[in-house]
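First up is the structure itself, then whatever we jot down about it.
In what follows, chains are A, B, ... by sequence order, proteins preceding strands, each numbered from 1.
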Amino acid sequence: MTLRHTDTLATKQTAPVDQRDRAWWLDFTAKTVVFFGGISAIIFIVSIFLFIATQGLDFAVHRLNWADFFTSPIWRPTSSPPQYGALALICGTASISLLAMLIAVPFSLGAAIYIGEFASGKKREWLKILIELLAAIPSVVWGVIGLHVIGPALVNIFHIDIGLCLLNAGIILGLMAAPIMTTIAEDALRAVPDTYREAAEALGATRWQVVWRVVLPHARPGLSAAVLLGIGRAFGETIAVLMASGHAIVMPTSVFDSVRALTATVAAELGETAQGDDHYQALFVLGVLLFGITFVINLTADRIIRGSRRQAT
Amino acid sequence: MKTIPIAVLTSALAFVACTKSNRTLIQNAGSDTMLEVAQALAETYGKEVSGVSIAVKGGGSQVGISGIIDGTIDLANSSRKLKPEEVEAARKKNHEPVEHHVGYDGIAIYVHKENPITSLTIEQLKQIYMDNGKLTKWSQLGVTVTAGMSDEIILISRQSNSGTYEYFRESVLGDKKTNFRLGTRDMNGSKDVVDLVTKTRSAIGYSGLAYANAEVKLIPVAKKDGEKAILPTIDSVLDKSYPIARPLFMYTVGQPKPAVQQYLDWIKSDAGQRVLVANHYPPLRKL
């Protein structure tokens with residue numbers, strides 16, 4: 001406060017323009033560098049979107065049958081004539097993500113509640129470190145686990161033919177998404193003011209009653225955001241899904257069906273298409289679709305978090 | 001401690017010597033099917049002939065072919081012939097592709113080692129893999145389903161732009177217009193197909209003969225019903241009795257430069273062909 005006061009005094013006494021000394025230049029440079037750092041995210045996201053969209057634009061506008069694209073499960077890009085039906089791929093991605101959430105939500109909510117409300121001291125610190133480590137495991141490692149551990153295990157437990165299926169991919173993605181969801185959910189729980197807990201305890205509530213009746217309802221927007229970001233993570237995951245899902249174009253009717261995800265399709269097919277041909281462009285249309293879905297999910301999560309902050313203040 | 005600067009110095013010297021000497025570098029890229037054998041060839045050749053080093057890269061036949069069209073590599077590996085439009089594209093850039101036939105690849109039919117099936121015909125394979133084909137159950141093939149195996153045939157295939165996928169479609173399903181059945185598990189590599197069959201009791205898959213191992217069973221294939229079913233081996237591919245085999249090619253831009261020509265001559269010689277056999281690829285002729 002005092003600093004600003006002397007500042008205004010100084011400007012009044014000397015010339016109204018800035019003094020372009022060393023400090024001014026340093027300030028100017030730092031401001032410019034930070035500005036470009038700040039808007040780089042916007043530049044990147046806009047240029048990536050434009051790149052993906054323009055790569056597939058010609059095909060999407062002139063030759064793609066959009067009705068087939070959304071309603072036909074037949075994806076045969078190298079047949080003659082080629083067929084570009086993405087329904088089975090969309091259902092594949094959606095069903096894997098849904099199953100992943102069914103597995104991840106109880107795990108991550110439980111972990112967040114334990115860490116945030118029950119654990120204390122060293123135990124709590126260790127758990128947080130371990131969960132962050134879990135989030136850092138590369139997805140190809142998860143893929144190998146799906147291929148060589150969970151796959152054979154599912155065959156043995158359920159006596160099914162093939163272990164690379166919707167359930168396998170769902171388990172893998174659930175485990176992958178859980179750490180991020182735990183971290184965000186725990187932040188949401190921690191944002192609940194302690195006075196609320198103290199008030200409830202003063203009324204004679206048990207620890208669990210405090211969590212169930214007071215903390216969870218209050219943290220709900222943050223918790224929903226955690227789930228949404230987890231879904232976003234599941235939608236975008238590629239290599240682990242490619243390895244664990246079985247990669248088969250099937251409209252899933254049971255958790256033991258092999259399925260194919262949008263991301264896995266792009267990853268498997270893009271490498272060997274000739275640049276610019278219809279198949280190449282069709283894969284970019286899938287890319288735009290994925291981009292759109294994750295964008296909407298993240299935006300919704302962001303709005304929910306913002307909404308909850310406004311409510312809190 | 002003294003050895004470290006010396007090591008650095010000598011390696012730096014060696015590096016300078018390498019770049020300054022007349023050592024020729026041959027850029028070789030393309031087919032994943034041929035990657036292992038291409039590496040083995042390059043290694044053996046490097047030991048026999050000094051002054052030439054060969055850099056081998058995979059990436060798929062398409063990668064090698066694009067390299068020939070753009071004239072960026074010396075030697076492209078391809079498990080399929082160039083398409084007319086690709087030859088046209090290369091000529092437009094004044095790069096005349098020249099084909100060199102270097103060996104063969106047998107496409108073997110793999111099943112789980114406990115599967116009792118003894119033979120299949122091309123027509124049966126077609127009905128198994130074709131869209132709306134009649135065969136979907138092992139019992140339809142006369143196989144008694146054993147414990148842990150379901151009656152449904154689990155189809156394992158390749159991603160739709162693999163050379164092996166295209167070749168299988170043309171030689172087994174009949175032509176380019178026939179579609180594969182929807183719902184096949186599409187693997188991204190020759191080895192992945194064999195790995196998945198090893199673990200799946202009711203599965204069937206197709207992949208290069210070179211990827212066979214003791215954990216899977218190879219099925220003899222007959223051209224027609226009533227004809228003798230032939231097990232894929234180097235010999236049966238060589239005498240053309242095994243029906244699903246394809247030639248392997250290397251492509252150059254125009255007539256190759258002397259170093260590349262010498263390498264190609266060596267690959268086609270008995271010494272080079274023995275490397276193919278050692279890697280389970282059928283050679284050009286009986287050795």
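Heavy atoms closer than 4.5 Å to chain A are found in the side chain of B:Asn188, but not in its backbone. Proximity to chain B is limited to the backbone of A:Pro73, based on heavy atoms less than 4.5 angstrom apart. When heavy atoms are compared at a cutoff of 4.5 Å, A:Ile160 does not approach chain B at all. For a residue to count as touching a neighbouring chain, one of its non-hydrogen atoms must lie under 4.5 Å from one of that chain's; by this rule B:Ile154 touches chain A with the side chain only. Only the side chain of B:Met187 comes within less than 4.5 Å of a heavy atom in chain A; its backbone stays farther off. Contact annotation for B:Ile65: neither backbone nor side-chain heavy atoms come within less than 4.5 Å of a heavy atom of chain A. For B:Ser150, the parts lying near chain A are the backbone and the side chain together; criterion is any non-hydrogen pair under 4.5 Å.
Within a 6.0 Å sphere centred on CD of B:Glu36, other residues, nucleotides and ligands contribute 12 heavy atoms or fewer. Counting heavy-atom neighbours within 6.0 Å of A:Phe70 CZ, excluding the residue itself, gives a total above 12. More than 12 heavy atoms of other residues, nucleotides or ligands lie within 6.0 Å of NE2 in B:His100, so this atom counts as buried by the packing criterion. Within a 6.0 Å radius of CZ in A:Phe291, more than 12 heavy atoms belonging to other residues, nucleotides or ligands are found.
Interatomic distance, A:His148 NE2 to B:Asp195 CG, rounded to the nearest 0.5 Å: 6.5 Å. Atom-to-atom distance recorded for B:Gln159:CD and A:Thr78:OG1 is 10.0 Å, nearest 0.5 angstrom.
Here the side chains of B:Leu196 and A:Ile162 are in contact, with some heavy-atom distance below 4.5 Å.
With hydrogens and angles ignored, the 3.5 Å screen pairs no side-chain donor or acceptor of A:Asp161 with any backbone N or O of B:Ser202.
Of all non-hydrogen atoms in B:Lys199 and A:Leu147, the two that sit nearest each other are NZ-O, 3.3 Å. Taking both residues in full, the closest heavy atoms of B:Arg185 and A:Gly246 are given as CG-O, 3.1 Å, listed atom of the first, atom of the second, then distance. Nearest heavy atom pair, residue A:Ala248 against residue B:Gly183, reads CB-O, 3.5 Å.
Taking chain B as the reference chain and counting heavy-atom pairs below 4.5 Å, the highest number among A:Ile74, A:Leu164, A:Leu242, A:Ile249 is found for A:Ile249. Ranked by heavy-atom pairs shorter than 4.5 Å toward chain A, the options B:Leu155, B:Thr178, B:Asn179, B:Thr184 are led by B:Asn179.
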